[in-house]
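Remarks on the structure that follows.
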Amino acid sequence: MTQLVTTEEMQELDQYTMTTIGLSEDVLIERAALAALDVLGAGAYDLSNVLVLVGLGNNGADGIALARLLHQLHIPVSLQFVGNANKAKPAVKHQLQIAEACGVPRSEKSDFKQASLIIDAIFGTGLNKDLPEGLQKMVKAANHIESTVVALDLPTGVNGTTGQIMGAALKAKTTISFGFIKAGVTKNPGKKSAGQVLVKDIGIVVPEDFQFSIKEQ
């Protein structure tokens, strides 16, 4: 049986794990990155030239941490910010400081066609409105290339609860869901963008009295 969660439920569980249980945000980010690394190492992915697309929220922080782990394994990898990095959340800036100290290269503008694998860490469960027009154009362009895409938690552009496409969505070969599978990747049209969905435990704690709105499937 697999437990699904809505966006709001996942955010509530994240906060409970961090504030009540005391598991720090940095620990959850590191566990998410290690879980993603485990998937990449176990799958048939071409790691000869990895491009990690990172946004300004927690999904981006996971992507930066993953890029660092890949770099430390001497896997060719580069980071590309989607948006103004100066407006990023503190967790993103902190992970970027660590990555830069480790020598992870950044790219201001990348040719998607040169990437053997694209890691989608732009938007996760925090997306609640249509993607900006410029990002929609980038997503649509990326969907027309042959590079494999692996999405962290959710494909960018998919509503985590409803499966609605928020203007445009990256099409992933694999989506790595952290903690629980988000309901949106089990419903079309979001399901079509998610590809194979894998769930990885990163230590999210569920209160004993917590009531999921969706029954196990």
Side-chain angles (χ1 to χ4, degrees), residues 1-39 52-69 81-99 119-131 151-164 166 175-187 190 194 197-217:
M1 302 290 285
T2 300
Q3 179 62 60
L4 306 182
V5 295
T6 66
T7 293
E8 292 76 14
E9 287 169 346
M10 193 67 245
Q11 291 171 343
E12 183 179 344
L13 292 174
D14 281 340
Q15 285 303 312
Y16 176 80
T17 300
M18 289 185 288
T19 59
T20 301
I21 298 301
L23 200 60
S24 74
E25 186 174 44
D26 282 340
V27 168
L28 291 178
I29 290 170
E30 194 73 8
R31 286 187 174 183
L34 287 166
L37 183 67
D38 182 59
V39 170
V52 184
L53 301 176
V54 299
L56 309 182
N58 291 343
N59 199 239
D62 295 341
I64 296 170
L66 174 59
R68 168 175 50 80
L69 294 176
F81 266 96
V82 178
N84 186 348
N86 292 325
K87 296 181 180 180
K89 286 188 175 182
V92 176
K93 293 180 179 180
H94 180 55
Q95 289 299 322
L96 183 59
Q97 289 177 342
I98 299 172
I119 303 297
D120 172 13
I122 306 173
F123 276 107
T125 56
L127 182 65
N128 56 16
K129 60 183 178 180
D130 282 358
L131 299 177
L152 302 187
D153 219 22
L154 279 169
T156 289
V158 173
N159 183 290
T161 298
T162 67
Q164 178 185 352
M166 312 299 281
T175 296
I176 306 170
S177 288
F178 301 129
F180 299 94
I181 294 176
K182 285 62 187 179
V185 299
T186 69
K187 308 172 184 178
V197 179
L198 304 173
V199 62
K200 300 292 286 186
D201 179 16
I202 62 169
I204 299 297
V205 180
V206 180
E208 290 185 4
D209 60 348
F210 190 83
Q211 297 294 320
F212 291 97
S213 62
I214 305 172
K215 294 182 179 180
E216 288 185 321
Q217 295 186 355

Problem - Pairing residues for Ala35 by the side chain to side chain contact (heavy atoms under 4.5 Å, CB included) criterion, not counting sequence neighbours - result: Phe178, Lys200, Ile202
Completion exercise
Rounded to the nearest 0.5 angstrom, the CD1-NZ distance for Ile98 and Lys93 is 15.0 Å
Practice task
Compare all side-chain heavy atoms of Leu152 with those of Ile176 and state whether any distance is below 4.5 angstrom.
Solution key: yes
Handout entry: With Phe81 via ring-ring contact (aromatic ring centres under 6.0 Å, His included) - residues at least two apart
Key = none
Exercise for the section: Give the intermediate values and the outcome of side-chain contact (heavy atoms from CB on, under 4.5 Å) for residues Thr186 and Leu4. Expected result: CA-CA 9 Å; Thr186 69; Leu4 306 182; 3.9 Å; yes
Practice task
Identify the heavy atoms of Thr125 and Asp153 that sit nearest to each other, and give their distance.
Solution key: CG2-OD2, 3.8 Å
Exercise for the section: Kindly compute the distance separating CE (Met18) from CG (Leu13), expressed to the nearest 0.5 Å. Expected result: 10.5 Å
Exercise for the section: Using a 4.5 Å cut-off on heavy atoms from C-beta on, say whether the side chain of Val54 contacts that of Gln95. Expected result: no
Practice task
Take Thr17 and Val205, measure what side-chain contact (heavy atoms from CB on, under 4.5 Å) needs, and give me the verdict at the end.
Solution key: CA-CA 5 Å; Thr17 300; Val205 180; 3.9 Å; yes
Completion exercise
All heavy atoms of Gly184 vs all of Val158, minimum pair found to be O-CG1, 4.2 Å
Problem - Nearest non-hydrogen partners of Val5 and Glu9, listed with the distance - result: CA-OE1, 3.4 Å
Exercise for the section: Report the C-alpha separation of Thr175 and Lys182 in whole Å, then their side-chain angles, then the decisive distance to 0.1 Å, and conclude whether the side-chain contact (heavy atoms from CB on, under 4.5 Å) test is met. Expected result: CA-CA 10 Å; Thr175 296; Lys182 285 62 187 179; over 6 Å; no
Fill in the blank from the handout: When every non-hydrogen atom of Ile204 is compared with those of Gly179, the smallest separation belongs to CG1-CA, 4.3 Å
Fill in the blank from the handout: Shortest non-hydrogen pair, Glu25 vs Asn58, comes out as OE2-OD1, 3.3 Å
Exercise for the section: Would you please name every residue forming a side chain to side chain contact (heavy atoms under 4.5 Å, CB included) with Glu8, sequence neighbours left out? Expected result: Thr6, Thr161
Practice task
Would you check if Leu127 and Thr156 make a side-chain contact, meaning some heavy-atom pair closer than 4.5 Å?
Solution key: no
Exercise for the section: Kindly check if the number of other-residue, nucleotide or ligand heavy atoms within 6.0 Å of NZ (Lys187) is above 12? Expected result: yes
Handout entry: Phe123 vs Met166 side-chain heavy atoms within contact, under 4.5 Å
Key = no
Handout entry: From CA spacing to verdict: side-chain contact (heavy atoms from CB on, under 4.5 Å), Phe180, Phe212
Key = CA-CA 11 Å; Phe180 299 94; Phe212 291 97; 4.2 Å; yes
Completion exercise
Heavy atoms of Ala91 and Ile29 approach each other most closely as CB-CD1, 4.0 Å
